[in-house]
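Every chain is numbered from 1, with letters handed out A, B, ... down the list of sequences.
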2 protein chains.
Amino acid sequence: MNIYDISRRAGVSIATVSRVLNNSPHVSETTRKKVMAVIEGTGYVPNAFARGLGLNTMKTIGLLCPDASDPYLAQALTYLEHSFRQKGYDCLLSCTGRELPARRQGVELLKSRHVDGIVLMGSSFIEDNSADNDYIRDAAKAVPVILLNGSFPCENVYCVLCDDQRAVTDATLQLLDSGCRRVLYLYHSNNYSGRKKLAGYRDAHEMRGMDVDEKLLCYFSQDKSSVHQVRDTLLQLERDGLAFDAVITSEDILSVGALKYARMAGRKVPEEMCVIGYNNSSLCNCAEPELTSVDNKLLAICEHIVATMLGVLEGKEMPQKTVFTGELIKRESTR
Amino acid sequence: MNIYDISRRAGVSIATVSRVLNNSPHVSETTRKKVMAVIEGTGYVPNAFARGLGLNTMKTIGLLCPDASDPYLAQALTYLEHSFRQKGYDCLLSCTGRELPARRQGVELLKSRHVDGIVLMGSSFIEDNSADNDYIRDAAKAVPVILLNGSFPCENVYCVLCDDQRAVTDATLQLLDSGCRRVLYLYHSNNYSGRKKLAGYRDAHEMRGMDVDEKLLCYFSQDKSSVHQVRDTLLQLERDGLAFDAVITSEDILSVGALKYARMAGRKVPEEMCVIGYNNSSLCNCAEPELTSVDNKLLAICEHIVATMLGVLEGKEMPQKTVFTGELIKRESTR
DNA sequence: GCGTGTGATGTAATCGTTTACACGTTGACA
DNA sequence: TGTCAACGTGTAAACGATTACATCACACGC
């Protein structure tokens with residue numbers, strides 16, 4: 001069933017059918033109705049390959065996602081896919097994991113599919129001009145690239161992110177100003193976003209004239225970051241004599257681990273210990289007590305990514321970098 | 001930069017270039033090297049549209065997902081995408097929401113993209129032969145369709161699922177046999193899977209010679225199922241004088257709400273009240289106390305979906321229906 | 001020397017659209 | 001009545017690959 005079949009049945013030319021399909025104004029209302037009737041009757045769907053060949057675009061955005069099972073990224077995925085679809089773009093998904101070679105390969109693939117643009121998610125590890133990031137430059141040579149929560153100065157690369165540093169500063173200040181003196185910082189990755197957050201933690205201490213005890217900085221690798229691992233690590237730290245009266249983390253899941261620790265160690269939250277997470281994910285309401293967390297405006301960021309992408313594709317001049325401000329959402333784990 | 005440019009520069013015909021690109025044996029080694037050199041020199045990438053037009057396949061699987069931000073589906077998404085990619089297939093994602101018209105449209109879209117096969121996720125509401133399911137038949141006419149956790153008897157539709165009914169029976173028996181007498185059942189949807197689970201709940205009571213008090217069946221619509229909504233509803237039920245000493249739910253998130261209720265009502269879990277969830281999602285470890293839940297073998301199901309799809313595409317005869325058995329994972333919320 | 005099989009290469013049709021251009025038709029207006 | 005837009009519609013040429021078929025060169029056996 002192709003456009004010729006339709007044109008034959010409707011008694012018009014293929015050009016007219018095409019015009020109807022593309023809502024061209026140069027079709028009389030009667031013809032349009034006639035053609036539409038045939039199309040609906042046959043269940044005809046235009047062949048996207050042929051269309052792509054003619055237009056040299058298939059209205060597709062490539063989504064490079066390290067891990068769709070990460071709730072935060074999954075959320076972003078849903079937003080992005082939904083918004084792009086509404087705007088008439090489909091999404092080709094590539095879940096690469098976080099390893100560089102796989103991400104490189106993912107980009108190659110999206111390029112060979114001639115996507116109209118690429119969104120790099122979990123791109124928060126992007127930072128410098130090292131060769132590691134060649135694949136981004138590579139992609140940007142072919143199509144516009146937008147980084148979700150990443151920063152990378154390069155032609156045709158656009159960045160939409162949250163000011164993590166400031167957000168963590170604000171959150172840490174909230175802890176310090178509510179009487180906490182030794183704030184444990186649990187983090188997940190040494191990437192761009194991770195270091196920004198750490199810098200925010202330091203900033204807050206500096207603003208209150210406090211030194212940072214490096215022993216309070218506690219790193220978890222991605223695969224060692226289960227709730228139980230965090231809990232057990234904190235128990236061990238306590239046994240080792242490390243004192244702390246608050247915990248702030250780079251991800252909500254780490255905070256949940258901290259809450260587990262508090263329960264097991266018999267420390268009351270928030271009376272004896274405060275906890276603040278990051279992302280304001282759905283975990284916050286599930287945690288016990290419910291978790292205070294930084295909302296890093298994922299929805300706004302995603303909306304802006306879509307708008308930016310569409311703007312660039314329409315040839316408009318768009319800002320290379322857009323920064324949103326996080327917001328502390330207070331729940332039961334802080335005073 | 002197209003195949004003609006390459007053929008011109010290499011001094012051969014486009015057919016030869018095409019043969020080189022497709023590893024055809026009918027090319028001399030010298031010619032192959034010559035052409036390869038030109039290709040690498042120019043960074044030429046074949047146009048996927050044109051290729052798709054000719055071959056009428058682009059090695060793409062369409063994934064129809066109601067909601068990628070649902071942790072359970074997100075998990076499945078990751079598994080599926082990863083496995084398909086390993087096998088040389090890309091995934092086109094369509095997050096449609098759960099509404100019928102949108103799903104219909106999603107299928108249309110995947111069809112127009114001429115995907116090689118479609119996986120319908122969250123297809124658990126598929127049950128009968130009503131017109132509502134026409135879109136599945138429609139899709140199956142064009143390409144093989146595989147349902148994740150759904151059952152639908154139709155040519156070219158394959159089903160891979162967990163025996164939810166039996167799993168819930170086992171879980172309910174566990175509650176009854178550990179002394180619980182009034183098990184509240186919280187559920188999310190009236191779909192196929194939802195009804196199967198409810199049937200399992202009834203089966204268990206019947207097996208122990210107990211009547212089911214219909215007041216113990218408590219429905220939550222998808223949008224009314226937040227943790228707080230569940231908690232508040234249970235508090236109200238208690239105030240209304242409904243007695244229950246256990247809760248079993250069709251989704252982990254509902255169980256988390258039940259735990260919130262228990263905390264607020266001052267009922268100790270599992271001593272005074274037991275809770276069992278469903279899906280064995282990452283929420284289970286985050287909950288307090290940690291949630292006993294039914295593992296419905298998502299990973300195995302996804303692997304089987306991929307194997308089935310590849311088998312069908314290779315023209316092999318594959319089973320129309322494959323059923324896995326769930327398993328109760330005991331944690332702290334049961335005795 | 002002459003068919004004949006074989007392996008490398010080229011030619012041209014094909015896939016299903018879009019769209020520039022050409023071709024009526026119609027109606028307004030001088 | 002003739003001219004000219006404006007408008008609707010059709011024709012045919014892209015778009016860039018794949019591939020069946022034709023062709024050609026060459027070697028081999030008779």
Side-chain angles (χ1 to χ4, degrees), chain A residues 1-39 42-60 88 90 109 111-116 142 313, chain B residues 1-39 42-60 88 90 108-116 142-143:
Chain A
M1 182 64 59
N2 60 26
I3 201 171
Y4 285 92
D5 296 320
I6 303 299
S7 74
R8 209 173 305 125
R9 295 192 197 202
V12 298
S13 74
I14 57 163
T16 301
V17 177
S18 177
R19 289 194 189 98
V20 170
L21 288 172
N22 294 286
N23 291 316
S24 158
H26 305 292
V27 191
S28 73
E29 204 45 46
T30 53
T31 312
R32 162 165 283 128
K33 283 208 180 109
K34 192 168 58 182
V35 174
M36 285 305 280
V38 175
I39 288 176
T42 57
Y44 159 76
V45 182
N47 183 312
F49 300 150
R51 190 169 244 173
L53 228 204
L55 298 172
N56 203 35
T57 166
M58 222 158 146
K59 292 215 147 203
T60 304
D90 297 329
L109 189 143
K111 267 174 56 185
S112 83
R113 290 289 178 127
H114 287 232
V115 294
D116 297 289
L313 291 178
Chain B
M1 182 63 60
N2 60 26
I3 200 170
Y4 287 91
D5 296 320
I6 303 298
S7 74
R8 210 173 305 126
R9 296 193 196 201
V12 297
S13 74
I14 58 163
T16 301
V17 177
S18 177
R19 289 193 189 98
V20 170
L21 287 172
N22 293 285
N23 292 315
S24 158
H26 303 293
V27 191
S28 73
E29 204 45 46
T30 53
T31 310
R32 160 164 284 128
K33 283 206 179 111
K34 193 168 57 184
V35 174
M36 285 304 280
V38 175
I39 289 176
T42 56
Y44 158 77
V45 182
N47 183 311
F49 305 148
R51 191 169 242 174
L53 228 204
L55 297 172
N56 207 34
T57 168
M58 231 163 132
K59 288 215 152 205
T60 305
D90 297 330
E108 281 306 299
L109 188 144
L110 294 177
K111 267 174 60 187
S112 84
R113 290 289 181 126
H114 286 235
V115 294
D116 298 289
V143 291

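A residue-by-residue look at Ala15(B) and Thr16(A) shows that Thr16(A) has its nearest nucleotide of DNA chain D further toward the 5' end.
Between Ser18(A) and dT18(C), a side-chain N or O to OP1/OP2 separation shorter than 4.0 Å is present. At dT18(C), one or more side-chain N or O atoms of Asn22(A) fall inside 4.0 Å of OP1 or OP2 (strictly under the cut-off).
Nucleic acid contact class of Phe49(A) (heavy atoms, under 4.0 Å, all strands): none. Nucleic acid contact class of Val12(A) (heavy atoms, under 4.0 Å, all strands): sugar-phosphate only.
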Determine whether Arg32(B) and Glu29(B) satisfy the following criterion, side-chain contact (heavy atoms from CB on, under 4.5 Å), listing intermediate values before the conclusion.
CA-CA 5 Å; Arg32(B) 160 164 284 128; Glu29(B) 204 45 46; 3.8 Å; yes
Criterion salt bridge (Lys or Arg N to Asp or Glu O under 4.0 Å) on Asp90(A) and Lys59(A), from CA distance to verdict
CA-CA 6 Å; Asp90(A) 297 329; Lys59(A) 292 215 147 203; over 6 Å; no
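Taking atom CZ of Arg8(A) as the reference point, atom P of dT11(D) lies 13 Å away to the nearest angstrom. Distance CE (Met58(B)) to C1' (dG16(D)): 13 Å, rounded to an integer number of Å. Rounded to whole angstrom, the span from the CZ atom of Arg51(A) across to the P atom of dT19(C) amounts to 9 Å. For the pair Leu53(A) CG and dT14(C) P, the interatomic distance rounds to 17 Å; values are reported in whole Å. One can place CD1 of Ile3(B) at 11 Å from P of dT19(D), the figure rounded to the nearest angstrom. Put simply, CG on Asp5(A) is 11 Å from P on dC15(C), counting in whole angstrom units. At whole-Å resolution of the value, CG in Leu21(B) and P in dT19(D) are 12 Å apart. Distance OH (Tyr44(B)) to P (dG16(D)): 10 Å, rounded to an integer number of Å.
Nearest nucleotide to the side chain of Asn2(B), out of dT18(D), dG16(C), dA17(D): dA17(D). In this structure, of dT19(C), dG16(D), dT18(D), it is dG16(D) that holds the atom nearest to the side chain of Asn47(B). Nearest nucleotide to the side chain of Tyr4(B), out of dA17(D), dT17(C), dT9(D): dA17(D). With dA17(D), dA12(D), dT19(D) as the choices, the nucleotide that has an atom nearest any side-chain atom of Ala50(B) turns out to be dA17(D). Of the candidates dT18(D), dT9(C), dT17(C), dT9(C) carries the atom nearest the Val27(B) side chain, counting heavy atoms from C-beta on. In the set dT9(C), dG16(C), dT18(C), dT9(C) carries the atom at the smallest distance from any side-chain atom of Thr31(B).
To the nearest 0.5 Å, atom OG of residue Ser28(B) and atom NZ of residue Lys33(B) are 10.0 Å apart.
Computed from C1' positions of five pairs at each end, the angle between the two local axes of the helix from dG1(C)-dC30(D) to dA30(C)-dT1(D) equals 60°, rounded to 10 degrees.
Judged by distance alone, the side chain of Asn2(B) and the main-chain N or O of Asp5(B) form a donor-acceptor pair under 3.5 Å. In this structure a side-chain-to-backbone donor-acceptor pair under 3.5 Å is present from Asn47(A) to Phe49(A).
The local environment of CZ in Arg9(A) is sparse, with at most 12 non-hydrogen atoms from other residues, nucleotides or ligands closer than 6.0 Å.
For dG10(C), the base has a donor-acceptor partner in the side chain of Arg19(B) [N/O atoms by modelled type, under 3.5 angstrom].
Just one of Val38(B), Val17(B), Val27(B) meets the side-chain contact (heavy atoms from CB on, under 4.5 Å) condition when paired with Val12(B); it is Val17(B).
Side-chain atoms of Asp116(A) and Thr57(A) form a donor-acceptor pair, as typed in the model, at a separation below 3.5 Å.
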